[in-house]
Protein chains: 2
Amino acid sequence: MARDLVRLSDVAKAAGVSQGTASNVFSRPDLVRPEVRERVHQTARDLGYAGPDPRGRLLRAGKSNAIGVATAEPLSYFFEDPFARVLMQGISEACDARGAGLALVSARNSERLAWNIQSALVDGFVLLCIENGEKLVELTRERQLPFVALALGKPDDTISAIGVDDYAGAQMAARHLAQLGHRRFGILGLELDDAHEGPVGSAAIAAATYSTSRDRAYGYFEELALYGIDRETIPIYETRSTAESVRRGLDYILTAGERPTAILAMSDRVAMFALEILAERGLSVPEDISIVGFDGVPEAATVNPPLTTVVQPIAEIGRRAVKTILEHDGGVHRESLPLELLVRNSTAGPSARS
Amino acid sequence: MARDLVRLSDVAKAAGVSQGTASNVFSRPDLVRPEVRERVHQTARDLGYAGPDPRGRLLRAGKSNAIGVATAEPLSYFFEDPFARVLMQGISEACDARGAGLALVSARNSERLAWNIQSALVDGFVLLCIENGEKLVELTRERQLPFVALALGKPDDTISAIGVDDYAGAQMAARHLAQLGHRRFGILGLELDDAHEGPVGSAAIAAATYSTSRDRAYGYFEELALYGIDRETIPIYETRSTAESVRRGLDYILTAGERPTAILAMSDRVAMFALEILAERGLSVPEDISIVGFDGVPEAATVNPPLTTVVQPIAEIGRRAVKTILEHDGGVHRESLPLELLVRNSTAGPSARS
DNA sequence: GCGTATGCTTGAACCGATTCAAGCGGTCAT
DNA sequence: ATGACCGCTTGAATCGGTTCAAGCATACGC
């Protein structure tokens, strides 16, 4: 009924103490004589006081004791996407441990996103730069709060960021396949620029907005070059991480030249779609074709066949991000975490029939 | 560097306008003459003003434009548990649509939980009462904000709640099995009270703290009674939703009397654990034994065999919860959503060999 | 030239707490 | 008896905005 009618000053007045004392009763009880303390508590109860309003406290204290995780995807992304989920587990673990709250910030349209970022009651941001990462960084920077970018597209030394060595990871994947004896490859890539899909050449890669895709591509190329494979002969298709997009990508890759015996996928998600589609077409993995993913999401272990992939320490990235925001409060902090190749059953040597 | 040094009043002073006007420049630009507006903006830029601080606005406006989702589980629960994830998808969808923010509130120990609830900057709470639900309700009630309880243990007409008709759902499950011809059952239950596990009888069920478990049990019983099955002959084991617990439950159920031909599980999670354990023991489902779950989480469709289950409109529950908080601001709002039996492959008629 | 409508701008009140220097009564040591 | 000190309480300042009634030009109609 009577919402928020009674405030600390009302309680103080009714109990016959100063507001300062009343405040102490709730925030620093040991400073108040037990007798007075009890009287104030009783008065508060009688009046139906809801306890110190965090809004007032916030203004005074300055800190909201919560961190925000922002992305340009819809909010449900946090609960759906395998990568995001593992990341959030790391983040929430770190928040739990530090007693910090967690606010999810996002929006589809950029106007609302801007507003949400401006008005989020947090002490810092973790930025999930999946798509439209630069916009996100720009908006957050205006807020003048500490933030750390994850998987940022463009490397920008002026902002804190935590990431992985995409280049080295891609090399591991390529090396694994090359050592298995593969010589004909196809690449299922991620977005190089916003809203694009299709076959791409070296030029497009060099001009990529997102360094993640570019670095992975270069890692593949450089490693394969050691085995005498010319990058120009490798079909590469930029997908949009949807089943349909991967289907088109596979079509292209499998028919662009002589059929590859191995596929390098830039994410587990893409690799898993590819697995399904290959099965539909009667191609068996790894007998007919090998495939290696990237990311190391949990689902990759349970698909059929279990996916060989380059695993990122996803949860650890999340933990470090929180730590960075809460502790490294001052300057720029950049960190690159190691990657690891996890060989499962989606890769094998090229068989005679290929 | 210079953090938060410049405030609206500084900008106003520097630009030679009143603070009121400066405020309008940012919040209601159309009220200010373009020329002045531009001058203020320019001054703000020169001074490095970060824009109106949400803390100040919050205090004045009263609304934080965010809802909190609280539970007594650790924060990572939101990203791990299948039920919670689908629920959060519904919640986040509704928040997105209304432009509301989302804050996750939780803590393992109840002291911290209390603090987190008291200090959360939100306009209302959705309470995920999994465990320790009453404590959660009590803490939230003190805050005097609108809230709605989900899956509340004890029915309490004085609080808003959204749930499902557990009783009817359980009936559907039991009826399905009975009509298939089953006459010997075992029940894998959920918690009746905190921190308990083991075989239970009618008395314990009647005295349950959590109505969810009780209602489901009664639904099973009443329906089976129609087929002449005495509830006292049905072994029922209260599990704790872990693999080990389910293993012990299964041990009990399978050996308490003549082996059942069908198992009624009070959650998909429990049913899925049971599926694994039965497979280990060489019992095939549904040939040797049928099993039906409860909840309808997405994973239930992909296990082997796909699980017959009673599906809850989980995401819809989430959506309605948000709607209730944001719109039904005043009184108590109680709602019960319909359940549906989804027959997949974990159930069949009892075979000759059983 | 006068009254009035129009359109910005101002100044002050207010949102709900926390904090801290100063005050005050009483105790203790000398 | 005096001064130092202790423990609790007070009052006022502060946090950073928003809002609204009132004020002040300027332009307009007649």
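In what follows, every heavy atom counts, from backbone to side chain, and hydrogens, waters and symmetry copies are set aside. Note that the structure is a prediction, hence the values are computed from the model and not measured. A note on names: the letters A, B, ... follow the listed sequences, proteins ahead of strands, and every chain is numbered from 1.
- B:Arg55 places no side-chain N or O within 3.5 Å of a backbone atom of A:Leu58 that could act as its donor or acceptor partner.
- Under the 3.5 Å distance criterion, the side-chain polar atoms of A:Asp123 are matched with a main-chain donor or acceptor of A:Asn65.
- Note: CZ (A:Arg143) to P (D:dG16) measures 13 Å, nearest angstrom.
- Computed from coordinates, the A:Arg57 CZ to C:dC15 C1' distance equals 16 Å when rounded to whole Å.
- One can place CG of B:Leu59 at 12 Å from C1' of D:dT14, the figure rounded to the nearest angstrom.
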Candidate pair B:Phe78 and A:Leu102, rule side chain to side chain contact (heavy atoms under 4.5 Å, CB included), full reasoning: CA-CA 11 Å; B:Phe78 291 111; A:Leu102 192 50; over 6 Å; no
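- With D:dC15, C:dT10, C:dT18 as the candidates, the nucleotide lying closest to the side chain of A:Leu8 is C:dT18.
- Rounding to whole angstrom units, CD of residue A:Glu35 and C1' of D:dG7 are separated by 14 Å.
- Contact check, A:Arg33 against D:dT9: a side-chain N or O comes under 4.0 Å of OP1 or OP2.
- B:Asp53 CG to B:Leu59 CG: the interatomic distance, rounded to the nearest 0.5 Å, is 11.0 Å.
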Show every donor-acceptor pair shorter than 3.5 Å between a side-chain atom in residues 88-100 of chain B and any protein atom, with sequence neighbours excluded, or say none if there are none.
residue : atom : partner  : partner atom : Å
B:Ser92 : OG   : B:Met88  : O            : 2.6
B:Ser92 : OG   : B:Gln89  : O            : 3.2
B:Glu93 : OE2  : B:Arg319 : NE           : 2.9
B:Asp96 : OD2  : A:Leu75  : N            : 3.0
B:Arg98 : NH2  : B:Glu327 : OE2          : 2.6

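- One atom, CG of A:Leu31, and another, C1' of C:dT19, lie 11 Å apart when rounded to the nearest Å.
- Note on B:Tyr49: a side-chain N or O is less than 4.0 Å away from OP1 or OP2 of D:dG17.
- Side chains of B:Arg39 and B:Gln42: a donor-acceptor N/O pair is absent below 3.5 angstrom, by distance only.
- Across the protein-nucleic acid pair, A:Asp53 atom CG and D:dC15 atom P stand 19 Å apart, rounded to whole Å.
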What N/O pairs connect the protein and nucleotides 24-27 of chain C at under 3.5 Å? Give each pair on its own line.
none

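- At a threshold of 4.0 angstrom between heavy atoms, the contacts of A:Phe26 with the nucleic acid are absent.
- Between A:Arg55 atom CZ and D:dG17 atom P there is a gap of 17 Å when expressed in whole angstrom units.
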Identify each atom pair where a protein N or O and an N or O of nucleotides 19-28 of chain D are less than 3.5 Å apart, giving names and distance.
residue : atom : partner : partner atom : Å
D:dT19  : OP2  : B:Arg28 : NH1          : 3.3

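- Applying the ring pair (Phe, Tyr, Trp, His ring centres under 6.0 Å) rule to B:Tyr49 yields the partners B:Phe26; only residues at least two apart in sequence or on another chain are considered.
- Helix-axis bend for the helix from C:dG1-D:dC30 to C:dT30-D:dA1: the local axis fitted to the five terminal pairs at one end deviates from that at the other end by 40°, rounded to 10°.
- Position along DNA chain C of the nearest nucleotide to B:Gly16 versus A:Pro54 favours B:Gly16 as the more 5'-ward residue.
- Minimum atom distance to the side chain of B:Ser18 is reached by C:dT10, of the listed C:dG16, C:dT10, C:dT18.
- The pair A:Glu316-A:Lys323 does not count as a salt bridge, with every side-chain nitrogen at least 4.0 angstrom from each carboxylate oxygen.
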For residues 13-20 of chain A, please give each side-chain donor-acceptor pair under 3.5 Å, one per line with the distance, not counting sequence neighbours.
residue : atom : partner : partner atom : Å
A:Ser18 : OG   : A:Gly20 : N            : 3.3
A:Ser18 : OG   : A:Thr21 : N            : 3.1
A:Ser18 : OG   : A:Thr21 : OG1          : 3.3

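- A donor-acceptor distance shorter than 3.5 angstrom exists from the side chain of B:Asp193 to the backbone of B:Thr209, with no hydrogens or angles considered.
- Straight-line distance from the NZ atom of B:Lys63 to the C1' atom of C:dG16: 16 Å, rounded to whole Å.
- With hydrogens and angles disregarded, a donor-acceptor distance shorter than 3.5 Å links the side chain of B:Arg334 to the backbone of B:Ile159.
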side-chain hydrogen bond (donor to acceptor under 3.5 Å, both in side chains) evaluation trace for A:Thr158 with A:Arg141: CA-CA 11 Å; A:Thr158 68; A:Arg141 176 179 268 149; 3.0 Å; yes
